[in-house]
Structure formats: structure tokens, C-alpha cells
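Structure first, then comments.
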Number of protein chains: 2
Amino acid sequence: MNKIPSLKPTDSELEILQIIWLHGPASVRFVNDELNRNKLVGYTTTLKLMQIMIEKGLLKRAEKGRKHIYTAVLKEKETKNLLLDKFVKTAFGGSAMDLVMQALGNHQTTPDELEELKALIEKMESDKK
Amino acid sequence: MNKIPSLKPTDSELEILQIIWLHGPASVRFVNDELNRNKLVGYTTTLKLMQIMIEKGLLKRAEKGRKHIYTAVLKEKETKNLLLDKFVKTAFGGSAMDLVMQALGNHQTTPDELEELKALIEKMESDKK
DNA sequence: CTGGTATTACGAAATGTTTCGTAGCAAATA
DNA sequence: TATTTGCTACGAAACATTTCGTAATACCAG
């Protein structure tokens, strides 16, 4: 029934999504192992979370032999867009520019990244003409 | 006892903080009225939230006559920095640059804003040398 | 002073998130 | 085949967040 997940993933759910986006469709075991590189979390905890994500429509799954293989329903980019929109709205009063300026001012950036950013800006300016 | 609030404000708490940052120290009545411009929320709900924020150290208060006047403990900018750091970490795998690129690509920007942004980049590049 | 109004304090319900224990079952292995 | 191992399902506890009802209290208008 649930086709389009309108709900925003929680922090824990997002950690799981990141792993699946990066590595592609994965079993609970794999996701749990990845999670445990950073923090201690029980296998059944991860399983339960992923089952809930199925209910919410964030993941779908296929049974491969005995295991279940989970796939992300939403693409990485669209999900991050949703989260970004919400974050800009709740934390920066809707001003994406404020966020960009503050993000640049408070994080390390390499010269390459700055060049890339400048290129994007040039492109935006020429598109606008 | 609680002096420095390390906790991140919840979404509801953030709405209250935005109002206090914008208007300065305020009573529960004022905050609740402001909140109700956007959504329906009961007075005691707002009161309770603000009391909890006192416990967490997000707000402090002074008794002016019979009312309590609430003040934000953290400055707007430092709070947004904390939130931004966390968001970059959870949603963009720690890459502020990814966030910046995506934010620029998905929101309207005025030529003035782009100029301002370019100026910031120039400044960062010259600082780096 | 008295009744009505605005305010704070408190407790608790409703909801959402995270965690894990236990059970049941299937597959691999000894 | 008998045992162990690994997986899923399910329920529930622990915790956090949000909401509001009720009560106590201070203030104000008449």
C-alpha cells in the first residue's frame, strides 16, 4: 500500500540508508556490521529498524534464499533534498543562502573544492542571463 | 547547575528559540501568540515546553511582576552552527561541500547573493595563501 | 472585598524512537 | 540424523517529545 514515503527518516534510519546507498542492496547482517564499525548496536535492533523502515515505505526487500535483501526506495539525492529543505526551513528560516554562507565559513575546504564551487556559480550566472 | 546546554533543541524548541531570537526576551503569552500565527497550539503546551527548556538550560528567565520573561541562553549563530554540524554529519556524511553544492543547486538565488558568495570565496582563497 | 481572569506548576496521556530479549524456524555441519 | 548456527518475527521496555487538563495562585475590575 505504502508507495511513496513522505516521512522523513529518523537519524538511525538515515544511518542505515547511507550504508545501503553506498553499498547497494544489503542484508541486515551487512548493515549491522557496518553500523558496528562506528558504534555498538545489537543485531535485532538493526533488524527491527529495517522492518519498521519497510512499513514506512523507506525500504523494500526481496527474499534471496533465506535472507532478506533490502533496497532503498528513495534515491540518495532526493532524500537529501527533502532533508535539506526541511532543515533550511526549521533552522535557517527558509534562507538557503544563510545556510550556505555559514557552512562555508565554518568548515575546512580545499582549494579544489573552492574551484568547483566557483565553477558552479559561474554556471548559475550564465544560465540566468 | 546547568550552565552550558550541550543538547540540541528539538524542532518545537527551535521554533520557540527563533521567536525569542527575533523579538528578544518574551513571555509565554507572547511566544504562544506568535506560534499560533502558524499553527494551533495550546497555551499550557507552550508553557510546558519553555519550562523544559529552562531545565535543559536552553532558556533562562526573570520574574517581571507576576509574569516570567524568558531569554535565550545561546546565541542564534552558535546554535545554528551546532545544528549545522550535526546535520552535515548525519545527512551529508560530514561533507559540508556536498551540502553547499546541493543547497545552491536546489534553491533560487539572486545575482546579489551570488556576488556575495563569490566575495566570500575570494576572501577564503586569499586567506589560505 | 469579591468574582473573574491570566499566569504558573504539576502530572499524565499520547505518540514516536530506539533498544533488545525470546521464540521459532531453516540451513549448515558434524 | 542430531546439533549448532544464523536468520526473521514479535512484543515490550526504556526513553524522548509533544500535548493538554487540572489545580493553585496572583492580579485586577467592579
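Since the structure is predicted, the reported quantities are computational estimates derived from the model, not experimental observations.
Both the sub-6.0 Å distance and the 45° axial angle are satisfied by K80(A) relative to the ring of F92(B).
Residue R61(A) places at least one side-chain N or O closer than 4.0 Å to OP1 or OP2 of dA9(D). Between R29(A) and dC7(D) there is a side-chain N or O to OP1 or OP2 distance below 4.0 Å. Of the side-chain N and O atoms in S12(B), one or more sit less than 4.0 angstrom from OP1 or OP2 of dT18(D).
Looking only at side-chain heavy atoms (C-beta outward), T110(A) and E113(A) come within less than 4.5 Å of each other.
Rounded to whole angstrom, the span from the CD atom of E13(B) across to the C1' atom of dA16(D) amounts to 10 Å. Rounded to whole angstrom, the span from the CZ atom of F30(A) across to the C1' atom of dC7(D) amounts to 17 Å.
Listed in residue order, the members of residues 40-50 of chain A having a heavy atom less than 4.0 Å from DNA chain D are Y43(A), T44(A), L47(A), K48(A).
Judged by distance alone, the side chains of N32(A) and N36(A) do bring a donor and an acceptor atom under 3.5 Å apart.
Reading DNA chain C from its 5' end, the first and the last nucleotide to sit under 4.0 Å from a heavy atom of chain A are dT17(C) to dA27(C).
The aromatic rings of H23(A) and F30(A) sit perpendicular to each other, their planes meeting at more than 60°, with 30° as the lower class boundary.
Rounding to the nearest 0.5 angstrom, the gap separating the CG atom in L114(A) from the CD1 atom in I121(A) is 9.5 Å.
The side chain of D11(B) lies closest to dT18(D), out of dC7(D), dT18(D), dT8(D).
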